[in-house]
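Below is one structure, written out as structure tokens; the observations come after it.
Bear in mind the structure is a predicted one, so any value in this text is a computation, not a measurement.
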Amino acid sequence: MNNIQYNLKFEKLVAVLELGELISTPKSISGGLLHRMYAIETTHAKYAVKALNPQIMSRPTAMQNYIQSEQIANVAANFIHAQPAKVINGSSMQILDHQCYLIFDWIDGKSLEFQEVTETHCEHMGMILADIHKADFSQLHIPDLQLDHSKEIDWNDYLNKGQTENSDWTILLDNSIQKLYEWSAQAKNASVILASNTVISHRDLEPKNVMWQQDTPIIIDWESAGYINPMHDLVETAMYWSVDHTGNVDKERFLAFIDGYRSRVGNLNANWRMVLENGFAGKLDWLEYSLKRSLWIECTDNEEQQMGTSQVIWTIEALKQYEDMISDVENWLSS
């Protein structure tokens with residue numbers, strides 16, 4: 001899309017939604033690994049616009065999931081600092097020319113890089129996660145649909161497709177394939193055991209999804225919100241906040257996060273080994289999605305395809321690193 005088309009698209013969007021008139025060229029900003037984000041300034045205000053990935057929105061459950069996640073964000077905002085999408089004409093989801101958008105008021109703040117996160121930040125975020133877990137979402141009447149544990153990922157099929165396409169990751173996948181089946185079995189077993197205890201949570205509360213205004217964190221990007229086992233959410237989120245640039249978990253920051261959570265809810269009882277083995281599940285799902293992007297199975301353009309390829313390589317390495325740290329983390333949690 002050239003710049004003229006790009007500007008016309010946003011001019012039409014702000015006109016239809018009555019957000020004022022553009023006063024500068026929309027700027028592309030980092031929007032994570034799934035969607036595209038833009039900063040736009042109008043005669044009314046400054047906004048962040050999330051253009052949702054058409055491939056994802058074509059899934060049968062996607063629209064309902066997005067509407068539901070925004071309902072969760074709106075309720076969460078009564079308990080913590082959270083930023084839902086703007087509700088315009090009665091809906092948080094805006095659709096124009098077959099493209100779905102979420103519109104947000106601009107936040108003058110910043111997300112923290114790995115090296116900027118301190119033990120104090122971790123403790124603070126542990127408290128916030130506990131507050132989300134304790135929040136009352138019952139007014140939304142969201143059913144707790146148990147995951148279908150019968151689905152098995154056919155890693156060999158992706159390997160065969162990758163070999164046919166001469167993909168960059170085929171040797172790495174081939175060397176890891178036995179492990180992928182082992183991790184899948186562990187995750188499946190653990191998820192069945194943990195499924196009976198769930199809460200509604202953000203489910204992706206990593207540093208990039210928290211905007212800090214001085215010492216006040218505002219939680220953004222609620223699109224993954226839904227039911228999750230609280231101890232799985234706790235351990236995974238504590239890892240997000242205590243990992244360094246090499247992918248290793250810093251013990252002091254990890255335990256600061258756990259202490260912050262515990263200060264709100266009291267003693268924690270869990271089968272930590274099961275909780276940690278369940279941690280393979282999200283990474284394996286992301287690996288499968290990245291394989292689909294890399295192989296043009298679920299992909300819209302070259303940029304996405306290349307991102308899929310790089311994420312396949314990154315995720316396999318991350319899975320290996322995760323396996324190596326499980327015993328240490330289990331000992332920290334049990335001591």
Side-chain angles (χ1 to χ4, degrees), residues 30-35 37 48 50 52 56 61-62 64-86 92-93 102 104-105 107 109-112 117 121-140 142-145 147 191 194-195 197-213 216-243 253-254 256-258 260-265 268 275 278-279 281-283 285-286:
S30 173
L33 299 171
L34 291 177
H35 309 288
M37 287 289 291
K50 179 178 283 190
L52 298 175
I56 289 176
T61 57
Q64 182 55 35
N65 287 346
Y66 274 91
I67 291 167
Q68 193 170 277
S69 65
E70 286 302 320
Q71 291 172 337
I72 292 170
N74 276 284
V75 172
N78 296 318
F79 300 94
I80 60 165
H81 295 288
Q83 192 204 42
K86 291 176 73 65
S92 55
M93 180 69 71
L102 296 174
F104 302 91
D105 290 318
I107 297 174
K110 60 166 289 195
S111 57
L112 299 174
V117 176
H121 291 128
C122 292
E123 187 178 6
H124 195 157
M125 291 308 303
M127 293 178 188
I128 288 172
L129 185 69
D131 290 342
I132 297 172
H133 286 180
K134 294 196 301 177
D136 181 6
F137 294 98
S138 58
Q139 71 197 70
L140 298 178
I142 295 171
D144 184 3
L145 301 171
L147 292 172
S191 60
L194 299 177
N197 176 22
T198 59
V199 294
I200 286 179
S201 188
H202 183 282
R203 300 202 303 192
D204 191 24
L205 194 56
E206 53 180 299
K208 69 178 175 59
N209 290 334
V210 180
M211 298 292 286
W212 295 80
Q213 289 185 321
T216 302
I218 301 166
I219 315 303
I220 64 170
D221 275 343
W222 286 80
E223 65 197 59
S224 297
Y227 285 99
I228 191 169
N229 175 273
M231 294 301 95
H232 167 56
D233 197 32
L234 169 62
V235 170
E236 192 153 86
T237 310
M239 284 186 168
Y240 289 154
W241 283 86
S242 53
V243 76
R253 280 192 281 150
F254 180 85
F257 193 104
I258 302 294
Y261 186 92
R262 194 186 278 122
S263 73
R264 288 283 210 265
V265 302
L268 305 175
V275 168
N278 196 38
K283 296 170 181 62
D285 285 345
W286 181 252

When rounded to the nearest 0.5 angstrom, what is the spacing between [atom1] in [X] and [atom2] in [Y]?
X: T237; Y: D204; atom1: OG1; atom2: CG; result: 8.5 Å
X: E223; Y: H35; atom1: CD; atom2: NE2; result: 3.5 Å
X: W222; Y: E70; atom1: CH2; atom2: CD; result: 10.0 Å
X: I128; Y: F257; atom1: CD1; atom2: CZ; result: 8.5 Å
X: N229; Y: N278; atom1: CG; atom2: CG; result: 7.0 Å
X: M37; Y: L52; atom1: CE; atom2: CG; result: 9.5 Å

Side chains of Q213 and H81: donor-acceptor distance under 3.5 Å anywhere?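 H81 and Q213 do not have a side-chain donor-acceptor pair below 3.5 Å.
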Where do [X] and [Y] come nearest, in terms of heavy atoms and distance?
X: P207; Y: Y240; result: CD-O, 3.7 Å
X: S69; Y: A225; result: CB-CB, 4.2 Å
X: P217; Y: M125; result: CB-SD, 4.1 Å
X: R203; Y: I228; result: CD-CB, 3.7 Å
X: I80; Y: I219; result: CD1-CG1, 3.7 Å
X: F254; Y: S242; result: N-CB, 3.3 Å

Determine yes or no for a side-chain-to-main-chain donor-acceptor pair under 3.5 angstrom, with [X] supplying the side chain and [Y] the backbone.
X: Q68; Y: G226; answer: no
X: H124; Y: G260; answer: no
X: N209; Y: L205; answer: no
X: N197; Y: L194; answer: no
X: R253; Y: W241; answer: yes

By side-chain contact (heavy atoms from CB on, under 4.5 Å), which residues pair with H133, not counting sequence neighbours?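 Partners of H133 by the side-chain contact (heavy atoms from CB on, under 4.5 Å) criterion, ordered by chain and then number, come out as L129, V199, S201, P230, D233, Y261.
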I'd like to check [X] versus [Y] (side-chain heavy atoms, cut-off strictly below 4.5 Å). Are they in contact?
X: I258; Y: L234; value: yes
X: I72; Y: I142; value: yes
X: K134; Y: V265; value: yes

Under 4.0 Å between a side-chain nitrogen and a carboxylate oxygen: does that hold for K50 and D221?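 D221 and K50: salt-bridged.
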With under 30° as parallel and over 60° as perpendicular, where do the rings of F79 and F137 fit, or are they tilted in between?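 Answer is tilted, since the angle falls between 30° and 60°.
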